[in-house]
Amino acid sequence: MFGRGNWAVAGLVKESLKDFSINLADPARMAIASQLAAGATALLYNTDSMGINPFSAPRMDESRQLNEEQRIELARHHVADSLDGTEDILPAEILAGTGFGHSLEAFQIHSTIPWFGLWAVSNEWKYTSDLPSIKEQSSYVLLERPYKFLQPTDKRTVDEKSEDATSITRTQVPVLLDFHEGRVYIESTDKKRIYAVMVALSRLGVQIAPVAWNYPIPNWTEAILNRLHEATQFRDEFNKRAEDAKRFTEKEIEKLEDREMESIVSKFFSMTQLNTDIWAGLSGPARIRLHHAAPPVAVRNPPMATTLLNLTADSTVVSAAITFQESITVTTKSGTERNIRRDIARFDINDRINLSEIGVAMLRGFDMASHKKDVLREIRETRQVPPIPQFWGAWLHQLSYAVRTIEESFREVLELDGSEQGGIIAIHLSGPPEASPNP
């Protein structure tokens, strides 16, 4: 978190905050949902599991050492709850101990705004080496024949001997819940993991609502990209940089004296000012289609993208990274004024913008580069490091603002009126359709 990453966005029912809050304050409920229980389950049953830790303590489970009896009891409850729920009561000695969060305060990012954060911990049982070669070696040593020629009972013997080559792989991702906006953000692109997080949240009372990016325009992702490119400003400057790139290496290209313009032509192949005074820049990774029937060409270098788009009259942008910026005037230490560009958000727009089969919208390659700079500047000026909840809260605040900016900017580019829906909107899952930008 706090840097470039990939976020899955789902909806949540705001009214489920009450049930969620009650469960967060229930030690028995939280012990079963915790990574302490999930870790015990993976270890005892050699199976995958999912648990949670509070946002301010990503490895809280490691602060508690369970004895064998406690581990078995906690794992048993975790498995039973994941199957059909459990009415059994955990022993008091487990509930009274540490190692898991069991209060509203442990997960609440802000004292007055309904923002919550947690770490979703995925425990995956994996082989640490090449399993077939391990079995083959055991077959030669124990039974003096290849594994394929073993009887079923002998194969089971070899399989049991090979279990020592397994281990638990732990992966954890941040999860942000915004009950004010009605959205949950999960930093992952793994469908299985995202779905497991949503299931874990639902067991804590959170009602998840499937969503998707969608606008009422056919093939709207490409429509946005090409409308932006058609309206680009600084076209002569982009073309000049593309011509220079044909003749010189990157190091040999003479930089422009205008620092703002140099930043634009070196990073982007299109820059368009919207009516809101926000600028939208296109950059790589991008795909350019030279003809209607031709497969798209992948490109990362902005001058190369400009060259490809100038090759034919039919050239179009199929996918690209899009950066929203604001242009502001600052006063330097010498007292002079100059314009600088501040990134609001960056993310990739392509045909993988939704994972429709699990009902989430994606922010791939998402970044808010200016956010980290702003936080570091504030620390230098105040000489105070904010508490952990403030780091998480500031990120969630800027993330929500960035998504709203993206939604409204796309509406403007597509020239939608107030009666037409567009953005991250609720959908109805009727089956397992393939991921598409237009569900």
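- In terms of heavy atoms, Gly3 sits closest to Asp367 at C-OD1, 3.6 Å.
- The neighbour count for Phe324 CZ, taken as heavy atoms of other residues, nucleotides or ligands under 6.0 Å away, is above 12.
- A 4.5 Å side-chain heavy-atom check between Trp119 and Arg59 finds every atom pair outside the cut-off.
- The neighbour count for Lys155 NZ, taken as heavy atoms of other residues, nucleotides or ligands under 6.0 Å away, is above 12.
- Under the rule for a salt bridge (Lys or Arg N to Asp or Glu O under 4.0 Å), the partners of Lys192 that lie at least two apart in sequence or sit in another chain are Asp48.
- Between Arg287 and Ser319, the side chains place a donor N or O and an acceptor N or O closer than 3.5 Å (distance only, hydrogens not considered).
- Nearest heavy atom pair, residue Pro174 against residue Met1, reads CB-SD, 3.7 Å.
- Contact detail for Ala345 and Phe366: the closest heavy-atom pair is CB-CE1, 3.9 Å.
- Between atom OG1 of residue Thr316 and atom CG of residue Asn226 there is a gap of 5.0 Å, rounded to the nearest 0.5 Å.
- Every residue two or more places apart in sequence or in another chain was checked for a ring-ring contact (aromatic ring centres under 6.0 Å, His included) with Phe268, and none qualifies.
- In this structure the side chain of Val206 never reaches within 4.5 angstrom of the side chain of Met198, judged on heavy atoms.
- A donor-acceptor contact shorter than 3.5 Å is absent between the side chain of Thr232 and the backbone of His229.
- In this structure, the side chain of Glu412 engages the main chain of Asn275 through a donor-acceptor pair within 3.5 Å.
- A tilted orientation is assigned to the rings of Phe100 and His102, their planes being inclined by 30° to 60°.
- Among residues two or more places apart in sequence or in another chain, the side chain to side chain donor-acceptor pair (under 3.5 Å) test is passed with Glu407 by Arg183.
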Return a table of donor-acceptor pairs under 3.5 angstrom between the side chains of residues 375-397 and protein atoms on other chains or two or more places apart.
from: Arg377; atom 1: NH1; to: Asp374; atom 2: OD1; distance (Å): 2.9
from: Thr382; atom 1: OG1; to: Glu378; atom 2: O; distance (Å): 2.7
from: Thr382; atom 1: OG1; to: Gln384; atom 2: N; distance (Å): 3.3

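- Panel note: side chain Asn350, backbone Arg352; a donor-acceptor pair is recorded below 3.5 Å.
- Here CZ of Arg346 is found 12.0 Å from CG of Leu363. Values are rounded to the nearest 0.5 Å.
- Contact annotation: the side chain of Val318 never approaches that of Asp351 to less than 4.5 Å [non-hydrogen atoms, C-beta and beyond].
- Heavy atoms only, all atoms of each residue included: Arg71 and Ala40 are closest at CG-CB, 3.4 Å.
- For Asp178, the salt bridge (Lys or Arg N to Asp or Glu O under 4.0 Å) criterion is met by no residue, not counting sequence neighbours.
- For the pair Ile224 and Leu228, the minimum side-chain heavy-atom distance is below 4.5 Å.
- Interatomic distance, Ser188 OG to Arg193 CZ, rounded to the nearest 0.5 Å: 5.0 Å.
- Side-chain atoms of Gln172 come within 3.5 Å of backbone atoms of Pro58 as a donor-acceptor pair (strictly under, hydrogens ignored).
- Residues passing the ring-ring contact (aromatic ring centres under 6.0 Å, His included) test with Phe116, sequence neighbours excluded: Phe20, Phe179.
- The environment of Arg404 atom CZ is dense: over 12 non-hydrogen atoms of other residues, nucleotides or ligands sit within 6.0 angstrom.
- Salt bridge annotation for Glu262-Arg259: absent, with no cationic side-chain nitrogen under 4.0 angstrom from a carboxylate oxygen.
- Counting heavy atoms from C-beta on, the side chains of Arg341 and Met271 come closer than 4.5 Å.
- A 6.0 Å sphere centred on CD of Glu69 holds no more than 12 heavy atoms belonging to other residues, nucleotides or ligands.
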Assess whether side chain to side chain contact (heavy atoms under 4.5 Å, CB included) is satisfied between Thr405 and Thr276, documenting all intermediate values.
CA-CA 10 Å; Thr405 299; Thr276 54; over 6 Å; no
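- Listed for the Ser63 side chain is a donor-acceptor partner under 3.5 Å among the backbone atoms of Met60.
- For the pair Ala106 and Gly101, the tightest heavy-atom approach, listed with the atom from each and the gap, is CB-CA, 4.4 Å.
- The two atoms that bring Ala320 and Phe269 nearest to each other are CB-CZ, 4.2 Å, heavy atoms only.
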One pair to check against side chain to side chain contact (heavy atoms under 4.5 Å, CB included): Ile168 and Trp125. What are the steps and the verdict?
CA-CA 5 Å; Ile168 299 173; Trp125 193 258; 3.2 Å; yes
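- For Arg156, there are no salt bridge (Lys or Arg N to Asp or Glu O under 4.0 Å) partners at least two apart in sequence or on another chain.
- Around CD of Gln273, the count of heavy atoms belonging to other residues, nucleotides or ligands within 6.0 Å exceeds 12.
- Among residues at least two apart or in separate chains, salt bridge (Lys or Arg N to Asp or Glu O under 4.0 Å) pairs with a member in residues 9-30 are Arg29-Asp81.
- Not a single donor-acceptor pair under 3.5 Å links the side chain of Arg342 to the backbone N or O of Glu326.
- The CD1 atom of Ile134 sits 11.5 Å away from atom OG of Ser139, with the distance rounded to the nearest 0.5 Å.
- A distance-only check finds a donor-acceptor pair linking the side chain of Ser370 to the backbone of Asp343 [under 3.5 Å].
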Show me the donor-acceptor pairs, under 3.5 Å and distance only, between side chains in residues 143-152 and residues at least two apart or in other chains.
from: Tyr147; atom 1: OH; to: Asp159; atom 2: OD1; distance (Å): 2.9

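- For the pair Ile322/Phe410, a side-chain contact is recorded, criterion being any heavy-atom separation below 4.5 Å from C-beta on.
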May I have the step-by-step check of side chain to side chain contact (heavy atoms under 4.5 Å, CB included) for Trp279 and Ile264, ending in yes or no?
CA-CA 11 Å; Trp279 293 78; Ile264 293 172; over 6 Å; no
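- Contact check for Val9 versus Val403: no side-chain heavy atoms found under the 4.5 Å cut-off.
- Residue pairs satisfying the salt bridge (Lys or Arg N to Asp or Glu O under 4.0 Å) criterion with at least one member in residues 200-227, sequence neighbours excluded, are listed as follows: Glu222-Arg289.
- Sorted by first and then second residue, the side-chain hydrogen bond (donor to acceptor under 3.5 Å, both in side chains) pairs with a member in residues 31-41 read Gln35-Asn123; sequence neighbours excluded.
- At least one side-chain heavy atom of Ile217 sits under 4.5 Å from a side-chain heavy atom of Leu416.
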Could you go step by step and tell me if Val360 and Met362 meet the side chain to side chain contact (heavy atoms under 4.5 Å, CB included) rule?
CA-CA 6 Å; Val360 297; Met362 295 303 300; 4.1 Å; yes
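- The CG atom of Leu104 sits 11.0 Å away from atom CG of Asn23, with the distance rounded to the nearest 0.5 Å.
- Partners of Arg170 by salt bridge (Lys or Arg N to Asp or Glu O under 4.0 Å), not counting sequence neighbours, listed by chain and number: Asp61.
- With values rounded to the nearest 0.5 angstrom, His180 atom NE2 is found 10.5 Å from Thr112 atom OG1.
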